[in-house]
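Below you'll find the structure, written out as C-alpha coordinates, and then a few comments.
In this chain, residues are counted from 1 in sequence order. Indexing begins at 1, ligand by ligand and atom by atom, following the structure's order. Quick caveat, the model's predicted, so the values are computed rather than measured.
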Amino acid sequence: MSISGKTRVCGVIGDPISHTLSPIIHNAAFSHLKLDFVYLAFDVKPSELENAMQGIKGLGIHGLNVTMPHKKAVLRFLDEVDQTVKFLGVVNTILNKKGQLCGFNTDGFGALRALKENRFDLSGKKALLLGAGGAAKAIALSLAEEVEELTLLNRTFEKVREIEEKLNQHFGEKVRSDTLSPGNVKKYLRDSDIVINATSVGMYPNLSQSIVPLEILRPDLVVMDIVYNPVETELVENARAAGARVITGVEMLIHQGAASFEIWTGCPAPVDVMRKAALGKLASLGEDR
Ligand SMILES: NC(=O)c1ccc[n+]([C@@H]2O[C@H](COP(=O)([O-])OP(=O)(O)OC[C@H]3O[C@@H](n4cnc5c(N)ncnc54)[C@H](OP(=O)(O)O)[C@@H]3O)[C@@H](O)[C@H]2O)c1
(Lines give C-alpha, C1' and ligand atoms only; values in the text may rest on other atoms or scores of the structure.)
Protein backbone atom coordinates (compact mmCIF):
# COMPACT_ATOMS: atom_id res chain seq x y z
CA MET A 1 0.00 0.00 0.00
CA SER A 2 1.43 3.40 -0.88
CA ILE A 3 0.11 6.56 0.75
CA SER A 4 -0.02 9.64 -1.44
CA GLY A 5 -1.05 13.26 -1.03
CA LYS A 6 -4.48 12.27 -2.33
CA THR A 7 -5.08 9.14 -0.24
CA ARG A 8 -8.66 8.97 0.99
CA VAL A 9 -9.06 8.00 4.63
CA CYS A 10 -11.76 5.63 5.83
CA GLY A 11 -11.99 3.96 9.20
CA VAL A 12 -14.03 2.65 12.08
CA ILE A 13 -14.93 4.40 15.33
CA GLY A 14 -15.81 2.46 18.48
CA ASP A 15 -14.81 1.88 22.10
CA PRO A 16 -13.14 -0.57 22.52
CA ILE A 17 -11.87 -0.98 18.97
CA SER A 18 -8.52 -2.81 19.08
CA HIS A 19 -10.24 -6.19 18.34
CA THR A 20 -11.72 -4.99 15.02
CA LEU A 21 -11.13 -6.99 11.82
CA SER A 22 -12.29 -4.14 9.57
CA PRO A 23 -8.85 -2.57 8.81
CA ILE A 24 -7.54 -5.95 7.62
CA ILE A 25 -10.59 -6.60 5.46
CA HIS A 26 -10.85 -3.14 3.87
CA ASN A 27 -7.13 -2.52 3.35
CA ALA A 28 -6.88 -5.91 1.60
CA ALA A 29 -9.72 -4.82 -0.70
CA PHE A 30 -8.22 -1.35 -1.39
CA SER A 31 -4.81 -2.90 -2.17
CA HIS A 32 -6.32 -5.55 -4.43
CA LEU A 33 -8.12 -2.92 -6.53
CA LYS A 34 -5.14 -0.52 -6.30
CA LEU A 35 -7.42 2.18 -4.87
CA ASP A 36 -5.72 5.16 -3.21
CA PHE A 37 -7.60 4.60 0.07
CA VAL A 38 -6.53 3.61 3.57
CA TYR A 39 -8.60 2.30 6.49
CA LEU A 40 -7.77 2.94 10.17
CA ALA A 41 -9.31 2.15 13.55
CA PHE A 42 -10.11 5.09 15.85
CA ASP A 43 -10.75 4.49 19.54
CA VAL A 44 -13.37 7.15 20.32
CA LYS A 45 -14.71 7.44 23.86
CA PRO A 46 -18.37 8.49 24.15
CA SER A 47 -17.29 11.82 25.67
CA GLU A 48 -15.20 12.51 22.53
CA LEU A 49 -17.83 11.57 19.94
CA GLU A 50 -18.83 15.14 19.13
CA ASN A 51 -15.18 16.18 18.65
CA ALA A 52 -14.58 13.10 16.50
CA MET A 53 -17.56 13.89 14.27
CA GLN A 54 -16.39 17.48 13.81
CA GLY A 55 -12.95 16.06 13.01
CA ILE A 56 -14.39 13.97 10.20
CA LYS A 57 -15.62 17.11 8.49
CA GLY A 58 -12.57 19.15 9.43
CA LEU A 59 -10.06 16.57 8.23
CA GLY A 60 -12.11 15.45 5.25
CA ILE A 61 -12.26 11.80 6.32
CA HIS A 62 -14.10 10.07 3.49
CA GLY A 63 -15.99 7.23 5.13
CA LEU A 64 -16.50 5.51 8.45
CA ASN A 65 -17.87 2.40 9.99
CA VAL A 66 -19.50 2.94 13.35
CA THR A 67 -19.57 0.30 16.03
CA MET A 68 -20.51 0.03 19.71
CA PRO A 69 -21.25 2.19 21.62
CA HIS A 70 -21.80 4.91 18.98
CA LYS A 71 -24.29 3.34 16.55
CA LYS A 72 -27.25 5.35 17.89
CA ALA A 73 -25.45 8.36 19.37
CA VAL A 74 -23.86 9.25 16.04
CA LEU A 75 -27.26 9.96 14.47
CA ARG A 76 -27.50 13.52 15.75
CA PHE A 77 -24.31 14.49 13.91
CA LEU A 78 -25.52 13.31 10.48
CA ASP A 79 -26.99 15.50 7.76
CA GLU A 80 -28.89 12.71 5.94
CA VAL A 81 -29.82 9.10 6.64
CA ASP A 82 -31.26 6.41 4.36
CA GLN A 83 -34.63 4.66 4.83
CA THR A 84 -33.09 1.73 6.72
CA VAL A 85 -31.53 4.04 9.30
CA LYS A 86 -34.83 5.94 9.63
CA PHE A 87 -36.50 2.63 10.53
CA LEU A 88 -33.76 1.18 12.74
CA GLY A 89 -32.38 4.33 14.36
CA VAL A 90 -28.92 2.76 14.14
CA VAL A 91 -26.01 3.62 11.82
CA ASN A 92 -23.01 1.46 10.87
CA THR A 93 -21.67 3.36 7.83
CA ILE A 94 -21.06 7.05 7.14
CA LEU A 95 -20.14 8.66 3.83
CA ASN A 96 -18.72 12.18 3.85
CA LYS A 97 -20.21 13.66 0.67
CA LYS A 98 -18.40 17.00 0.31
CA GLY A 99 -18.99 17.90 3.96
CA GLN A 100 -22.48 16.35 4.19
CA LEU A 101 -22.43 13.30 6.47
CA CYS A 102 -24.76 10.56 5.18
CA GLY A 103 -25.67 7.55 7.36
CA PHE A 104 -26.45 3.99 6.28
CA ASN A 105 -26.95 0.61 7.93
CA THR A 106 -25.58 -2.31 5.92
CA ASP A 107 -26.09 -5.11 8.50
CA GLY A 108 -29.43 -6.40 7.21
CA PHE A 109 -28.35 -6.05 3.59
CA GLY A 110 -25.16 -7.97 4.43
CA ALA A 111 -27.10 -10.82 6.02
CA LEU A 112 -29.44 -11.02 3.04
CA ARG A 113 -26.57 -10.94 0.56
CA ALA A 114 -24.85 -13.73 2.54
CA LEU A 115 -27.98 -15.86 2.17
CA LYS A 116 -28.45 -15.08 -1.52
CA GLU A 117 -24.77 -15.71 -2.38
CA ASN A 118 -25.23 -19.09 -0.72
CA ARG A 119 -28.15 -19.75 -3.08
CA PHE A 120 -30.87 -19.53 -0.44
CA ASP A 121 -34.06 -18.04 -1.84
CA LEU A 122 -36.15 -16.51 0.96
CA SER A 123 -39.42 -16.08 -0.91
CA GLY A 124 -42.21 -18.26 0.50
CA LYS A 125 -39.99 -19.33 3.41
CA LYS A 126 -40.58 -19.37 7.18
CA ALA A 127 -37.72 -17.83 9.15
CA LEU A 128 -36.86 -18.04 12.84
CA LEU A 129 -34.62 -15.23 14.12
CA LEU A 130 -33.05 -15.42 17.59
CA GLY A 131 -32.12 -12.14 19.28
CA ALA A 132 -33.27 -8.53 19.34
CA GLY A 133 -30.03 -6.54 19.55
CA GLY A 134 -28.77 -4.07 16.96
CA ALA A 135 -27.81 -6.74 14.43
CA ALA A 136 -31.00 -8.78 14.92
CA LYS A 137 -33.20 -5.74 14.37
CA ALA A 138 -31.47 -4.91 11.08
CA ILE A 139 -31.74 -8.54 9.92
CA ALA A 140 -35.41 -8.67 10.96
CA LEU A 141 -36.19 -5.68 8.74
CA SER A 142 -34.44 -7.23 5.73
CA LEU A 143 -36.03 -10.65 6.29
CA ALA A 144 -39.53 -9.21 6.71
CA GLU A 145 -39.30 -7.78 3.20
CA GLU A 146 -38.61 -11.22 1.71
CA VAL A 147 -40.01 -14.13 3.73
CA GLU A 148 -43.55 -15.44 4.06
CA GLU A 149 -43.42 -15.64 7.85
CA LEU A 150 -40.93 -14.38 10.44
CA THR A 151 -40.76 -15.47 14.07
CA LEU A 152 -38.63 -13.46 16.50
CA LEU A 153 -37.49 -14.91 19.83
CA ASN A 154 -35.54 -13.03 22.48
CA ARG A 155 -34.58 -13.52 26.11
CA THR A 156 -36.02 -10.07 26.91
CA PHE A 157 -39.47 -10.41 25.38
CA GLU A 158 -40.34 -6.66 25.29
CA LYS A 159 -37.62 -6.05 22.71
CA VAL A 160 -38.96 -8.55 20.16
CA ARG A 161 -42.53 -7.47 20.84
CA GLU A 162 -41.56 -3.91 19.91
CA ILE A 163 -39.81 -5.04 16.70
CA GLU A 164 -42.80 -7.22 15.80
CA GLU A 165 -45.23 -4.31 16.19
CA LYS A 166 -43.08 -1.98 14.10
CA LEU A 167 -42.54 -4.51 11.32
CA ASN A 168 -46.19 -5.56 11.17
CA GLN A 169 -47.17 -1.93 10.59
CA HIS A 170 -45.14 -2.09 7.38
CA PHE A 171 -45.43 -5.69 6.26
CA GLY A 172 -48.91 -6.85 7.33
CA GLU A 173 -49.21 -9.60 9.92
CA LYS A 174 -46.30 -11.77 8.82
CA VAL A 175 -44.17 -11.22 11.96
CA ARG A 176 -44.75 -12.80 15.39
CA SER A 177 -42.66 -12.80 18.55
CA ASP A 178 -42.18 -14.82 21.71
CA THR A 179 -39.78 -15.35 24.58
CA LEU A 180 -36.54 -17.19 23.86
CA SER A 181 -36.76 -20.44 25.85
CA PRO A 182 -35.70 -24.03 25.04
CA GLY A 183 -39.38 -25.01 24.63
CA ASN A 184 -40.14 -22.15 22.25
CA VAL A 185 -37.02 -22.75 20.15
CA LYS A 186 -38.11 -26.37 19.70
CA LYS A 187 -41.72 -25.39 18.98
CA TYR A 188 -41.01 -22.72 16.35
CA LEU A 189 -38.04 -24.49 14.74
CA ARG A 190 -40.26 -27.45 13.80
CA ASP A 191 -42.12 -25.24 11.37
CA SER A 192 -39.18 -23.16 10.04
CA ASP A 193 -37.06 -23.38 6.87
CA ILE A 194 -34.25 -21.26 8.26
CA VAL A 195 -32.94 -20.34 11.73
CA ILE A 196 -30.60 -17.42 12.32
CA ASN A 197 -28.72 -16.92 15.58
CA ALA A 198 -28.36 -13.16 16.01
CA THR A 199 -27.66 -13.33 19.75
CA SER A 200 -24.12 -13.20 21.06
CA VAL A 201 -24.41 -16.76 22.43
CA GLY A 202 -21.47 -18.88 21.23
CA MET A 203 -19.16 -15.90 20.85
CA TYR A 204 -15.62 -16.07 22.30
CA PRO A 205 -14.94 -16.77 25.19
CA ASN A 206 -18.18 -18.74 25.71
CA LEU A 207 -17.33 -21.24 23.01
CA SER A 208 -19.39 -24.25 24.03
CA GLN A 209 -22.79 -22.52 24.14
CA SER A 210 -25.62 -22.77 21.62
CA ILE A 211 -29.29 -21.85 21.85
CA VAL A 212 -30.32 -24.52 19.34
CA PRO A 213 -29.39 -28.02 20.55
CA LEU A 214 -28.12 -30.67 18.13
CA GLU A 215 -31.17 -32.95 18.71
CA ILE A 216 -33.60 -30.53 17.05
CA LEU A 217 -31.49 -29.63 14.00
CA ARG A 218 -32.45 -31.28 10.67
CA PRO A 219 -30.84 -31.80 7.25
CA ASP A 220 -33.55 -29.75 5.50
CA LEU A 221 -32.82 -26.64 7.61
CA VAL A 222 -30.66 -23.67 6.69
CA VAL A 223 -28.72 -22.53 9.75
CA MET A 224 -27.02 -19.15 9.87
CA ASP A 225 -24.96 -17.95 12.83
CA ILE A 226 -23.97 -14.28 12.74
CA VAL A 227 -21.34 -14.82 15.45
CA TYR A 228 -17.99 -14.91 13.60
CA ASN A 229 -15.48 -15.25 16.45
CA PRO A 230 -15.05 -18.19 16.32
CA VAL A 231 -16.17 -19.00 12.78
CA GLU A 232 -17.01 -22.58 13.75
CA THR A 233 -19.36 -21.86 16.66
CA GLU A 234 -21.02 -24.65 18.62
CA LEU A 235 -24.19 -24.01 16.57
CA VAL A 236 -22.29 -24.18 13.27
CA GLU A 237 -20.59 -27.42 14.32
CA ASN A 238 -23.90 -28.94 15.42
CA ALA A 239 -25.65 -27.84 12.23
CA ARG A 240 -22.92 -29.43 10.09
CA ALA A 241 -23.20 -32.64 12.18
CA ALA A 242 -26.98 -32.67 11.58
CA GLY A 243 -26.45 -32.30 7.81
CA ALA A 244 -28.06 -28.83 7.66
CA ARG A 245 -26.94 -26.15 5.20
CA VAL A 246 -24.70 -23.72 7.09
CA ILE A 247 -23.88 -20.06 6.60
CA THR A 248 -21.29 -18.69 9.03
CA GLY A 249 -21.04 -15.21 10.52
CA VAL A 250 -18.04 -14.43 8.32
CA GLU A 251 -20.37 -14.31 5.30
CA MET A 252 -22.48 -11.57 6.86
CA LEU A 253 -19.37 -9.77 8.11
CA ILE A 254 -17.92 -9.72 4.60
CA HIS A 255 -21.10 -8.70 2.84
CA GLN A 256 -22.01 -5.89 5.26
CA GLY A 257 -18.41 -4.68 4.87
CA ALA A 258 -18.64 -5.04 1.09
CA ALA A 259 -21.74 -2.84 1.09
CA SER A 260 -19.87 -0.13 3.06
CA PHE A 261 -16.91 -0.44 0.68
CA GLU A 262 -19.22 0.08 -2.30
CA ILE A 263 -20.81 3.16 -0.68
CA TRP A 264 -17.35 4.75 -0.19
CA THR A 265 -15.66 3.74 -3.45
CA GLY A 266 -18.47 3.18 -5.96
CA CYS A 267 -16.57 0.01 -7.01
CA PRO A 268 -17.84 -3.57 -6.71
CA ALA A 269 -16.16 -5.02 -3.61
CA PRO A 270 -13.65 -7.87 -4.07
CA VAL A 271 -15.60 -10.17 -1.76
CA ASP A 272 -13.25 -13.16 -2.10
CA VAL A 273 -10.23 -11.03 -1.15
CA MET A 274 -12.12 -9.65 1.86
CA ARG A 275 -13.21 -13.13 2.97
CA LYS A 276 -9.65 -14.48 2.71
CA ALA A 277 -8.32 -11.57 4.79
CA ALA A 278 -11.00 -12.05 7.49
CA LEU A 279 -10.58 -15.82 7.68
CA GLY A 280 -6.79 -15.46 7.89
CA LYS A 281 -7.06 -13.09 10.86
CA LEU A 282 -9.73 -15.18 12.60
CA ALA A 283 -7.59 -18.32 12.20
CA SER A 284 -4.65 -16.55 13.85
CA LEU A 285 -6.91 -15.46 16.73
CA GLY A 286 -7.96 -19.11 17.16
CA GLU A 287 -4.33 -20.24 17.29
CA ASP A 288 -3.56 -17.68 20.00
CA ARG A 289 -6.26 -19.08 22.32
N1 LIG B 1 -21.45 -11.24 11.26
C2 LIG B 1 -21.62 -9.94 11.36
O3 LIG B 1 -21.43 -9.18 10.41
C4 LIG B 1 -22.10 -9.35 12.64
C5 LIG B 1 -22.60 -8.04 12.68
C6 LIG B 1 -23.04 -7.53 13.89
C7 LIG B 1 -22.97 -8.31 15.04
N8 LIG B 1 -22.45 -9.57 14.96
C9 LIG B 1 -22.38 -10.44 16.16
O10 LIG B 1 -23.73 -10.68 16.53
C11 LIG B 1 -23.83 -10.80 17.95
C12 LIG B 1 -24.91 -9.82 18.45
O13 LIG B 1 -24.47 -8.49 18.15
P14 LIG B 1 -25.39 -7.20 18.51
O15 LIG B 1 -24.60 -6.02 18.10
O16 LIG B 1 -26.76 -7.37 17.99
O17 LIG B 1 -25.39 -7.30 20.10
P18 LIG B 1 -26.42 -6.67 21.15
O19 LIG B 1 -27.12 -5.49 20.58
O20 LIG B 1 -25.66 -6.54 22.42
O21 LIG B 1 -27.53 -7.85 21.34
C22 LIG B 1 -27.21 -9.06 21.97
C23 LIG B 1 -28.36 -10.05 21.79
O24 LIG B 1 -27.95 -11.32 22.33
C25 LIG B 1 -28.90 -11.74 23.34
N26 LIG B 1 -28.19 -12.49 24.36
C27 LIG B 1 -27.01 -12.19 24.93
N28 LIG B 1 -26.66 -13.15 25.83
C29 LIG B 1 -27.67 -14.07 25.81
C30 LIG B 1 -27.90 -15.28 26.50
N31 LIG B 1 -27.02 -15.77 27.40
N32 LIG B 1 -29.02 -16.00 26.22
C33 LIG B 1 -29.91 -15.52 25.30
N34 LIG B 1 -29.75 -14.37 24.60
C35 LIG B 1 -28.65 -13.65 24.86
C36 LIG B 1 -29.48 -10.43 23.87
O37 LIG B 1 -30.70 -10.71 24.51
P38 LIG B 1 -31.36 -9.62 25.53
O39 LIG B 1 -32.03 -8.61 24.66
O40 LIG B 1 -32.31 -10.43 26.34
O41 LIG B 1 -30.23 -9.05 26.32
C42 LIG B 1 -29.64 -9.65 22.55
O43 LIG B 1 -30.75 -10.11 21.84
C44 LIG B 1 -22.43 -10.52 18.49
O45 LIG B 1 -21.78 -11.76 18.70
C46 LIG B 1 -21.74 -9.77 17.35
O47 LIG B 1 -20.34 -9.97 17.33
C48 LIG B 1 -22.03 -10.11 13.80
Side-chain angles (χ1 to χ4, degrees), residues 12 14-17 19-22 24-26 65-73 84 88-93 104-115 117-118 128-143 151-164 177-185 195-213 223-236 246-261 269 271 274-275 277-279 281-282 285:
V12 56
D15 176 34
I17 200 64
H19 65 285
T20 180
L21 298 182
S22 297
I24 285 162
I25 296 171
H26 286 287
N65 283 131
V66 182
T67 187
M68 296 309 287
H70 305 311
K71 286 179 149 192
K72 271 189 195 155
T84 309
L88 299 170
V90 177
V91 170
N92 79 340
T93 303
F104 306 83
N105 190 309
T106 64
D107 275 344
F109 177 81
L112 226 56
R113 217 200 249 185
L115 288 167
E117 292 282 311
N118 282 277
L128 176 61
L129 178 64
L130 311 175
K137 202 171 164 191
I139 296 170
L141 173 61
S142 292
L143 285 177
T151 305
L152 309 173
L153 302 182
N154 193 48
R155 181 175 63 177
T156 311
F157 173 64
E158 296 71 38
K159 291 194 202 167
V160 264
R161 178 82 189 122
E162 195 183 304
I163 300 172
E164 177 201 328
S177 63
D178 211 335
T179 307
L180 179 58
S181 67
N184 277 342
V185 172
V195 58
I196 301 177
N197 175 44
T199 73
S200 42
V201 175
M203 187 170 83
Y204 178 80
N206 301 312
L207 301 180
S208 60
Q209 295 180 356
S210 169
I211 287 172
V212 192
V223 178
M224 179 167 170
D225 197 341
I226 76 159
V227 173
Y228 57 80
N229 184 16
V231 182
E232 295 293 309
T233 58
E234 182 81 3
L235 173 60
V236 163
V246 174
I247 300 164
T248 70
V250 171
E251 293 304 302
M252 173 175 159
L253 179 72
I254 293 310
H255 286 292
Q256 58 83 24
S260 300
F261 180 95
V271 170
M274 296 169 92
R275 182 183 294 107
L279 287 172
K281 180 63 188 173
L282 285 163
L285 292 179

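Among residues two or more places apart in sequence or in another chain, the salt bridge (Lys or Arg N to Asp or Glu O under 4.0 Å) test is passed with Glu234 by none.
Between Arg161 and Glu164, at least one side-chain N (NZ, or NE/NH1/NH2) sits under 4.0 Å from a carboxylate O, which counts as a salt bridge. Under 4.0 Å is where a charged nitrogen must lie from a carboxylate oxygen, and between Glu251 and Arg113 no such pair does.
For the residue pair Ser22/Asn65, the side-chain donor-acceptor check at 3.5 Å is not satisfied.
Formation of a donor-acceptor pair under 3.5 Å by the Asn184 side chain with backbone atoms of Thr179 is found in this model. Formation of a donor-acceptor pair under 3.5 Å by the Asn197 side chain with backbone atoms of Val201 is found in this model.
Contact shell of ligand 1 (protein heavy atoms, cutoff 4.0 Å): Gly131, Ala132, Gly133, Gly134, Ala135, Asn154, Arg155, Thr156, Lys159, Leu180, Ala198, Thr199, Ser200, Val201, Met203, Ile226, Val227, Tyr228, Gly249, Met252, Leu253, Gln256.
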